[in-house]
Amino acid sequence: MSEPLFSWGRYPAFPQTAHPCYWRGDVRQKMLDLAKVHGALLPFGNGRSYGDSCLAASDHVLHMRSLDRFIAADWRTGLIRAEAGVTLEEVLALAIPKGWFLPVTPGTKFVTLGGAVANDVHGKNHHVRGTFGCHVPRFGLVRSDRDPMICSSVGNADLYAATIGGLGLTGIIDWVDLQLVPIRSSQIDATQVRFDSLDEFFAISGELDPQYEFTVSWIDCLARGKPTGRGVYTAGNHAEEGPLVFERKPKLNVPLTPPFSAINRLSLQLFNNAYFRGHRAGRHDSRMGYEPFFYPLDRILNWNRIYGPSGFQQYQCVIPEGNEAAIRELLDAIAVAHSGSFLAVLKRFGDVRSPGLLSFPMPGVTLALDFPQQGDATTRLFTRLDAIVREVGGRNYPAKDAHMRGNDFRVAFHAWESLATLRDPSITSRFWERMAQS
Ligand SMILES: Cc1cc2nc3c(=O)[nH]c(=O)nc-3n(C[C@H](O)[C@H](O)[C@H](O)COP(=O)(O)OP(=O)(O)OC[C@H]3O[C@@H](n4cnc5c(N)ncnc54)[C@H](O)[C@@H]3O)c2cc1C
């Protein structure tokens, strides 16, 4: 029996029994067998979702990571076909030397293609290229109640739309077609600008976002008063010339879960001050590898263990365009609570439409912060943050969620009923069951 699986935040801590799937031809029978013995299951990619959206209601998951083969690649057009358990890292290893790159990548490359589709993930270039699903013209879907099928915008279009951002509930994706983007270099021409307030962030983002494909900002979540929202804006474009190199850097590891969280008020204050002051005022350009630009956290394997045995939650919301005051309110509430972590990110989404029914991004600003799990204190803070988000018609990201109320989910994701109708009867998650409650 293999080790139990958890979600990335290790909260809620429901250990999942893994049932690995090695062959595409076995997927359907495995689904039927598992459902018969354990009740509804869930596909599991690489467990990089933070909350309970990757946890099966039965705690028995079909582990897709072993479906890890490439099926086809056309290096003239950049269209690849791969099994759903292939990770973004494996795609990069194959594609970069050929002059191609991922069209969209989240902040970790350790996610599977199936997981990237099921959460319709976004990256630093949402304002230019939209979500991952925008670059997936078709995929294979295996359901317990019918024969395997191919889904695209013209064939099984209802299931195509419902599966992109469909949280793994519409069936098992067994392969994915992905349209890559051409690059001349794997390096990034980056620029960084330190900003002293939220107003400055909006001014810089307004000026530089249109000039750069990739943008994101780190913010000091403890700053209060005038410097509320101070931080560092980072932007970049693929360099026009340079080497095409898959970067294989040595990795550090957090080998054990410490008995308590290493993230507390003192360590956070020290880190945030040092990080902010470590960046000189003004704008600074540099050329860097794609790894430190896109995946700085991937250098440290198992970094989620530093939060100790109670785990942590990420709060990620999007505030619709034109409600900048709500971002300030969120940051004030977080600073007053002296909570949060050094992983605090602000980014402007664009208006590229996703083909997915339940895609999270909308035009506006997204805020994402990690919080050590601290029982009632965390609940009180999140209740306050939710009220601010609700008031302006924003929403939370299911891929990161372990606290959202069902009512908020249903209001924010209008298409949830279509997803409910198209859900595979043999599949359900702890997240989906939680959303059925008030
Ligand atoms: C450090 C870090 C940074 C991150 N940054 C971002 C970011 O910038 N943007 C962003 O959008 N997300 C981000 N994420 C979240 C992450 O990208 C998503 O949660 C992603 O979906 C995880 O993929 P996974 O393969 O680990 O899938 P899992 O987490 O195991 O599962 C995710 C969902 O996919 C479903 N699923 C998995 N495989 C299949 C399949 N074969 N068929 C059908 N459904 C399937 C599961 O049922 C589940 O609902 C980040 C996560 C981490 C840890």
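First listed ligand is number 1; within each ligand, the first listed atom is number 1. Values below: all heavy atoms of this structure, side chains included; hydrogens, waters and symmetry mates excluded. From a predicted model like this one, the values you see are computed outputs, not experimental measurements.
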For ligand 1, is any non-hydrogen atom under 4.0 Å from [X]'s backbone (N, CA, C, O), its side chain (CB onward), both, or neither?
X	result
Val111	both
Asn46	both
Met64	side chain
Phe294	neither

Asp145: which residues meet the side-chain contact (heavy atoms from CB on, under 4.5 Å) condition with it, sequence neighbours left out?
Arg143, Asp424, Pro425
Using a strict threshold of under 4.0 Å (side-chain N to carboxylate O), is an ion pair present between Asp177 and Arg138?
yes
In terms of side-chain geometry, is the basic nitrogen of Glu83 or Arg69 positioned less than 4.0 Å from the acidic oxygen of its partner?
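Looking at Arg69 together with Glu83, the answer is yes, because their closest N to O distance falls below 4.0 Å.
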Atoms in ligand 1 with a heavy atom of [X] nearer than 4.0 Å:
X	value
Val121	10 (C), 11 (O), 17 (O), 18 (C), 20 (C), 21 (O)
Gly107	3 (C), 4 (C), 5 (N), 6 (C), 7 (C), 8 (O)
Gly45	25 (O), 27 (O), 28 (P), 30 (O), 37 (C), 38 (N)
Gly47	26 (O), 28 (P), 29 (O), 30 (O)

Name the orientation class of the two ring planes belonging to [X] and [Y] (parallel below 30°, tilted from 30 to 60°, perpendicular beyond 60°).
X	Y	value
Trp303	Trp8	perpendicular
Phe431	Phe409	perpendicular
His238	Phe294	tilted

Could you check whether [X] makes a cation-pi contact with [Y], meaning its NZ or CZ is under 6.0 Å from the centre of the six-membered ring and within 45° of the ring axis?
X	Y	answer
Arg430	Phe14	yes
Lys109	Tyr290	no
Arg395	Phe413	yes
Arg230	Phe195	no

Which residue supplies the protein heavy atom nearest to [atom], what is that atom called, and how far is it?
atom	value
atom 41 (N) of ligand 1	Ile173 O, 3.0 Å
atom 14 (N) of ligand 1	Lys400 CE, 3.5 Å
atom 31 (O) of ligand 1	Cys54 CB, 3.5 Å
atom 9 (N) of ligand 1	His122 O, 2.8 Å
atom 7 (C) of ligand 1	Pro106 CB, 3.3 Å
atom 34 (O) of ligand 1	Ala118 CB, 3.1 Å
atom 26 (O) of ligand 1	Arg48 N, 2.8 Å
atom 46 (C) of ligand 1	Pro43 O, 3.1 Å

Could you check whether any heavy atom of [X] sits closer than 4.0 Å to an atom of ligand 1, since that is the contact criterion I want to use?
X	answer
Tyr397	yes
Trp303	yes
Phe360	no

Under 3.5 Å, is there a donor-acceptor pair linking the side chains of Asp189 and Tyr212?
no
Side chains of Ser217 and Lys347: is there a donor and an acceptor less than 3.5 Å apart?
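Side chains of Ser217 and Lys347: no pair found under 3.5 Å.
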For ligand 1, which is the ligand I care about here, please tell me if Trp8 has any N or O atom under 3.5 Å from one of the ligand's N or O atoms.
no
Geometry only, no angles: is Thr112 polar-contacting ligand 1 at N/O separations under 3.5 Å?
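N/O-N/O distance under 3.5 Å: yes.
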Please compare [options] and report which has the shortest non-hydrogen distance to [atom].
atom	options	answer
atom 19 (O) of ligand 1	Gly166, Ser49, Ala116	Ser49
atom 20 (C) of ligand 1	Leu42, Asn119, Leu167, Asp120	Asn119
atom 43 (C) of ligand 1	Gly171, Ala84, Pro361	Gly171

Centroid-centroid distance, His38 to His19, less than 6.0 Å:
yes
Can you tell me if Asn46 uses its side chain to pair, donor with acceptor, with the backbone of Phe110 under 3.5 Å?
yes
